[in-house]
Amino acid sequence: MTTTSQPSGLHILIVGAGFAGLSAAIECTCKGHRVTLFEKVCSIDEITRYGDIISFDPNGSRVFEKWVYPDKSSVAEKNGGNFSTDGLVGFVSLPGKRGATSVDVGVRVVEYFESDGDEKKGPQAGVMEKVMGDAVLAAEGVRSRGRKLVLGLEEDEQPKSSGYAVYRAWFPSEPVIAKNPVTKHVVENGDQQKGYIGPDIHFLVSSIKGGSEIKWVFTHIDDGNIEESWQFPGKPEEALAYLEGWCPVVRELVKATPPGRLIDYKLVYREPLPTFVSPKGRIALIGDAAHPFLPTSIQGASQSIEDGTVVAAGNMSKEQVMPTALKTYEKLRWHKADWNGPEGVWKVPEKLWLLREEWLLGFDAEGDT
Ligand SMILES: Cc1cc2nc3c(=O)[nH]c(=O)nc-3n(C[C@H](O)[C@H](O)[C@H](O)COP(=O)(O)OP(=O)(O)OC[C@H]3O[C@@H](n4cnc5c(N)ncnc54)[C@H](O)[C@@H]3O)c2cc1C
């Protein structure tokens with residue numbers, strides 16, 4: 001991990017303690033910056049569990065690994081060459097940290113500022129009744145108000161339906177699942193995950209906490225409109241209608257879901273943004289606020305962690321003023337396409353065509369064999 005030997009003197013304000021905000025906070029702290037992190041949720045009791053399963057690919061878990069075991073080689077050696085992040089989150093210490101982080105929970109940020117400042121203070125950015133710093137990272141997730149407030153986008157485009165939704169449920173496996181001969185194998189061997197796949201549906205079930213709790217999710221075609229909310233209470237009988245003819249274990253899992261423990265979560269997306277950085281270059285959107293991912297891509301969290309890492313790794317310093325550092329982050333993280341220019345994607349859509357490589361498409365399976 002690259003750390004500075006001295007505090008940098010920079011104060012970074014971060015809005016949102018999700019994967020992007022927390023990663024940025026940890027990484028900025030390691031680089032010697034002072035961080036103030038604002039999070040609207042103030043207690044774990046405010047969070048309802050509804051069958052969320054977050055998987056990290058190596059591009060995301062590599063960052064955890066670095067926080068926990070900065071000297072990776074010694075860990076790999078100890079584990080016979082293998083490294084796993086299982087069970088490590090929560091034990092993050094910040095080796096070599098030179099900065100400081102304060103976390104302000106229960107604060108919903110509703111305003112952003114940036115100013116050219118004066119000769120004494122220099123340019124600044126801030127939130128909420130002018131809590132000022134050197135830069136603000138807006139990491140408020142897919143419903144980001146920063147998109148409007150930072151980029152000045154008019155009531156921002158509404159999220160669009162992908163045509164799919166996900167039913168999600170989470171509940172104790174006792175009394176029904178653990179006793180039912182059709183479903184008990186799902187929970188009786190401790191923590192495990194199973195998947196069932198059919199046309200337009202994939203169904204994942206996980207037993208957790210040694211099999212005492214169970215969570216399941218499945219995607220389904222959805223033709224509803226997205227308006228104010230995209231999360232609705234789900235009804236087991238409606239979910240079962242999508243599973244006509246499916247194997248008994250799947251149907252029994254859905255039938256056993258207690259009232260109030262099922263939601264129907266719309267999969268929505270947004271159009272790509274023209275920029276992630278505010279007009280004066282001192283406020284940047286990171287994570288889902290900048291580029292929301294559908295849960296089914298299984299990359300949103302890892303990409304958010306990458307954003308937090310990249311934004312902190314940029315050469316932020318009093319001399320290397322923010323606009324350059326944040327623009328560097330944007331240049332590295334933004335889709336490399338030029339959307340609006342004379343040769344941009346809207347004019348030349350072929351620019352986004354996937355590479356169709358000769359080594360792949362020209363392969364002659366029989367001839368090669
Ligand atoms: C059901 C489901 C399953 C998923 N599965 C995966 C998966 O397996 N793998 C994967 O990589 N990704 C997955 N994702 C996507 C992943 O969760 C997101 O991409 C990721 O959480 C984005 O991180 P983020 O930090 O940008 O935003 P978030 O995690 O949404 O965090 C934003 C934070 O900002 C806070 N906040 C919002 N507004 C304000 C405000 N005004 N003031 C202060 N605080 C504020 C919120 O309370 C929240 O804590 C899944 C998503 C869902 C919904």
Side-chain angles (χ1 to χ4, degrees), residues 13-27 36-44 46-64 85 89 103-112 126-129 131 136-150 159 162 164-170 193 195 202 204 206 215-220 229-231 234 262-270 273 276 283-311 333:
L13 310 177
I14 301 178
V15 181
F19 294 109
L22 282 175
S23 304
I26 293 172
E27 290 287 323
T36 306
L37 178 60
F38 301 94
E39 168 54 52
K40 69 176 181 185
V41 172
C42 66
S43 147
I44 196 82
E46 287 178 45
I47 298 169
T48 316
R49 291 173 179 168
Y50 274 122
D52 313 75
I53 301 169
I54 303 285
S55 315
F56 297 99
D57 283 319
N59 57 319
S61 56
R62 177 171 297 121
V63 179
F64 293 145
T85 51
V89 180
V103 184
D104 231 340
V105 292
V107 178
R108 178 190 292 270
V109 169
V110 291
E111 286 169 292
Y112 290 84
V127 298
M128 306 289 295
E129 292 168 10
V131 180
V136 180
L137 304 177
E140 325 131 295
V142 69
R143 289 165 186 258
S144 165
R145 287 173 55 85
R147 292 167 70 96
K148 179 162 183 259
L149 299 171
V150 175
S162 67
Y164 282 88
V166 190
Y167 281 117
R168 296 156 54 195
W170 183 330
Q193 190 169 59
H202 65 253
L204 300 174
S206 306
K215 53 189 180 176
W216 61 255
V217 298
F218 81 84
T219 51
H220 63 93
S229 171
W230 60 73
Q231 181 165 302
L262 172 61
I263 59 163
D264 189 10
Y265 187 92
K266 311 283 179 190
L267 295 180
V268 297
Y269 68 95
R270 289 180 185 273
L273 290 174
F276 297 163
I283 309 175
L285 302 176
I286 63 173
D288 269 9
H291 44 67
F293 274 73
L294 286 173
T296 42
S297 70
I298 320 180
Q299 262 294 320
S302 295
Q303 291 297 324
S304 298
I305 292 167
E306 284 192 10
D307 278 4
T309 307
V310 171
V311 78
R333 299 300 292 165

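Because only heavy atoms are used, hydrogens play no part in the values below, and waters and symmetry mates are left out as well, while side chains stay in. Note that ligands are numbered from 1 as they come in the structure, with each ligand's atoms numbered from 1 the same way.
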task = Provide the number and element of each atom of ligand 1 under 4.0 Å from a heavy atom of Arg108.
result = 41 (N), 42 (N)

query = Which option out of Gln303, Glu39, Arg168 puts a heavy atom nearest to atom 46 (C) of ligand 1?
reply = Glu39

request  = Please state whether the rings of Phe64 and Phe56 are parallel, tilted or perpendicular, taking 30° and 60° as the class boundaries.
outcome  = perpendicular

ask   = Out of Val136, Val110, Asp104, which residue meets the side chain to side chain contact (heavy atoms under 4.5 Å, CB included) rule with Val15?
value = Val136

query = Within the structure, does Gly287 bring an N/O atom to less than 3.5 angstrom of an N/O atom in ligand 1?
reply = no

key: Backbone or side-chain N or O of Phe293 under 3.5 Å from ligand 1 N or O   = no

ask   = So, does Arg145 sit close enough to ligand 1 that a heavy atom of it is under 4.0 Å from the ligand?
value = no

query = Mind checking whether Phe218 and Trp216 have parallel, tilted or perpendicular rings, split at 30° and 60°?
reply = parallel

inquiry  = As an exercise, identify every atom of ligand 1 less than 4.0 angstrom from a heavy atom of Ser302.
reply    = 11 (O)

contact_flag Val107 ligand 1 heavy-atom lt 4.0 Å = yes

message = Using a 4.0 Å heavy-atom cut-off, which part of Ser304 comes near ligand 1: side chain, backbone, both, or neither?
response = side chain

note = Min over Val109, Val110, Asp57, Asp104 of heavy-atom distance to atom 40 (C) of ligand 1 lands on Val109

inquiry  = Looking only at distances, can you tell me whether any N or O atom of Ala289, backbone or side chain, sits closer than 3.5 Å to an N or O atom of ligand 1?
reply    = no

query = Just distances here: any N/O of Gly300 and N/O of ligand 1 closer than 3.5 Å?
reply = yes

query = Is it true that Tyr265 lies under 4.0 Å from ligand 1, counting heavy atoms only?
reply = yes

note = To atom 32 (C) of ligand 1, the nearest of Gly16, Ala139, Ala24 on a heavy-atom basis is Ala139

